There are 2 protein chains.
Amino acid sequence: MALTDVPEIVVRRLPLYLRALTALAESNHLVTSSQELAARLGISSAQIRKDLSYFGEFGKQGMGYEVPYLRDQLRRILQADRHWSMVLVGAGDLGHAIVNYASFKRWDYEIVAIFDNDPAKIGRKLGGLTIRPADELESAVRELGVQIGIIAVPAAQAQAVAERLIRGGVRAILNYAPVSLNLPSDVRVHSIDPVVGLQSMTYYLNPSS
Amino acid sequence: MALTDVPEIVVRRLPLYLRALTALAESNHLVTSSQELAARLGISSAQIRKDLSYFGEFGKQGMGYEVPYLRDQLRRILQADRHWSMVLVGAGDLGHAIVNYASFKRWDYEIVAIFDNDPAKIGRKLGGLTIRPADELESAVRELGVQIGIIAVPAAQAQAVAERLIRGGVRAILNYAPVSLNLPSDVRVHSIDPVVGLQSMTYYLNPSS
DNA sequence: AGCTATCTTAACACAGTTTGACGATAAACG
DNA sequence: CGTTTATCGTCAAACTGTGTTAAGATAGCT
């Protein structure tokens, strides 16, 4: 199991497998096959088997995969079988939506601190937490020992916020600001910008309506 | 200019270029180079030049690119220089956040109809629009001539909603439901699932804190 | 026991993507 | 008006990822 050289693209597919397996388990589907998963995910069955083989042998020849077992293995591989603490920077509309996003709770991701630099917001409550001044960002992150940060500030401030999160010890950033962050390669970034998604789709649309 | 065989991965990068150019233009930066863009985006300069060369010659040797000109060209290529109408399905918490997401307005994407299947929500107002029954989805989409749909319903209903949107004439779907949609290849899908992003990052994190 | 389905693995070919190198050229400058 | 400098556009090589095939293994079914 040479886990160090698993291609990143494979790691990005694993959560999709986990999501499909979780759905199967919830509908009491106890066994599945690479072909069934492939049909659900729109990926080839060979690719699924190959991806999984990076991490071990999870299936039984002739039978396929036991859903709960494979799901648990993927949860272990992705470290999705444990609780994660996160800090949120930015308590605007987007920050509010993120705090209330139910899927985080369901998957055991918990926001444990919220920061903003607007004096009007500091001290207020949001999702049971008191909004703290952005000055405290670095020290608070270090104190809490948090590894994941969520950025929901305007684009102009995102890079600086990211750097401060990293100085506090954050190693993974979920970035909702519409800007490309420039960070050390040992820090993981996942950016979410719906407009980027829309623009790459409208490229293909008809110039009408 | 053989626009038909532009790799999809190139099309997915164009919005990032556009975003960077828009930011440069807003700070009155009139000229840039592939190297400057590369440094901002964390992409190689050769790649940027090659990507742009699929669509024409936009720069001047020795000089680089004129920011407003290249920005406008990218807006034209991506059809980001016009207004787009969208319909939203799902008026829960997520749907509310999407309606209030300011970046859509700023980039001229407008939600023109909202649907839900919850009788308690139908008839209520959201963002100036009356929430309509999901029964009307197909016919209303067809009547409005909308090409873009946003899905913000529970995972279990997302596939069926997507199929109805498509029957109504939708050609591009922004999918916030945590499920892989299985759709005809001529329909574009962009899925946003923050949990998938987090899981692919936690794979790389330390098993601590 | 034989049959069927399906996994595991490996090798390889193919396709797609990225990178590096290089000639071309526009502006600046003496 | 030639030289220098910066930077583009493009080609080809290198690299990465995907798909295919084939061989071997095995669990369950008849």
Side-chain angles (χ1 to χ4, degrees), chain A residues 1-14 16-17 20-21 24 29-74 77 180 185 200 203, chain B residues 1-17 20-21 24 29-71 73-74 77 180 185 200 203:
Chain A
M1 259 204 272
L3 287 177
T4 49
D5 60 357
V6 177
E8 200 178 313
I9 194 167
V10 173
V11 175
R12 283 209 302 268
R13 278 193 294 263
L14 296 183
L16 305 179
Y17 302 161
L21 286 160
L24 285 170
H29 215 82
L30 294 178
V31 173
T32 189
S33 66
S34 59
Q35 282 145 72
E36 186 178 33
L37 287 170
R40 280 192 166 234
L41 295 168
I43 295 179
S44 80
S45 62
Q47 178 139 73
I48 291 173
R49 290 198 302 274
K50 199 170 186 178
D51 285 353
L52 295 176
S53 75
Y54 277 103
F55 302 95
E57 307 183 3
F58 305 114
K60 290 186 194 165
Q61 281 97 339
M63 286 302 295
Y65 302 93
E66 284 179 31
V67 170
Y69 175 73
L70 184 54
R71 177 200 59 192
D72 290 346
Q73 291 300 308
L74 283 171
I77 291 165
S180 300
S185 60
S200 62
Y203 171 83
Chain B
M1 261 206 273
L3 285 177
T4 50
D5 60 358
V6 178
E8 200 178 312
I9 194 165
V10 172
V11 175
R12 283 208 303 267
R13 278 193 294 263
L14 297 183
L16 306 179
Y17 302 162
L21 286 160
L24 285 170
H29 214 82
L30 293 178
V31 173
T32 189
S33 65
S34 60
Q35 284 145 72
E36 185 177 34
L37 288 170
R40 282 192 164 235
L41 295 168
I43 296 178
S44 79
S45 62
Q47 181 149 78
I48 291 173
R49 291 199 301 277
K50 177 149 197 212
D51 286 353
L52 294 176
S53 76
Y54 278 102
F55 303 95
E57 306 186 3
F58 304 114
K60 290 185 194 166
Q61 278 101 336
M63 286 303 293
Y65 302 93
E66 284 178 33
V67 171
Y69 175 71
L70 183 54
R71 177 200 59 192
Q73 291 300 308
L74 284 170
I77 292 164
S180 299
S185 61
S200 63
Y203 170 84

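Chain A is the first sequence line, chain B the second, and so forth, proteins listed ahead of strands; every chain is numbered from 1. Treat the numbers as computed from the prediction; the structure is a model and nothing was measured.
With rounding to whole Å, B:E8 atom CD is found 13 Å from C:dT18 atom P. Look at CG on A:D51: it is 15 Å from C1' on C:dT9, rounded to the nearest Å. As a whole-Å value, the separation of B:Y17 OH from D:dC8 P is 12 Å. Rounded to an integer number of Å, the gap from CD1 of B:I9 to C1' of C:dT18 is 10 Å. With rounding to whole Å, A:F55 atom CZ is found 14 Å from C:dT8 atom P. Per the geometry, CD1 belonging to A:I48 stands 15 Å off C1' belonging to C:dT8, to the nearest Å. A:Q35 places its CD atom 7 Å from the C1' atom of C:dT6, with the value rounded to the nearest Å. With rounding to whole Å, B:I43 atom CD1 is found 13 Å from C:dT17 atom C1'.
Applying the 4.0 Å criterion to OP1 and OP2 of D:dT18, one finds that A:R13 has a side-chain N or O inside that range. Using a 4.0 Å cut-off, some side-chain N or O of A:S34 falls inside it from OP1 or OP2 of C:dC7.
Considering only residues two or more places apart in sequence or on other chains, A:D51 meets the salt bridge (Lys or Arg N to Asp or Glu O under 4.0 Å) condition with A:R13. In this view, B:E66 and B:K60 satisfy the salt bridge (Lys or Arg N to Asp or Glu O under 4.0 Å) rule, not counting sequence neighbours.
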Side chain to side chain contact (heavy atoms under 4.5 Å, CB included) assessment of B:Y17 paired with B:L37: CA-CA 8 Å; B:Y17 302 162; B:L37 288 170; 5.7 Å; no
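Residues A:Y65 and A:S34 share a closest heavy-atom pair of CE1-N, 3.9 Å. Closest non-hydrogen pair, A:L41 versus A:L16, comes out as CD2-O, 3.8 Å. Closest heavy-atom contact between A:V67 and A:L21: CG1-O, 3.5 Å.
Within 4.0 Å (heavy atoms only), A:S45 reaches no atom of the nucleic acid at all.
Contact check on B:E8 versus B:R12 returns a salt bridge, with a Lys/Arg side-chain nitrogen under 4.0 Å from an Asp/Glu carboxylate oxygen.
The side chain of A:Q47 has D:dT18 as its nearest neighbour among D:dT18, C:dT18, D:dT7.
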With the criterion being N/O to N/O and under 3.5 Å, what pairs connect the protein with nucleotides 9-13 of chain D, and how long is each?
unit_1, atom_1, unit_2, atom_2, d
D:dG9, OP1, B:F58, N, 3.0
D:dG9, OP1, B:G59, N, 3.0
D:dG9, OP2, B:Y65, OH, 2.8
D:dG9, O3', B:E57, OE2, 3.4
D:dG9, N7, B:R49, NE, 3.0
D:dG9, O6, B:R49, NH2, 3.2
D:dT10, OP1, B:E57, OE2, 3.4

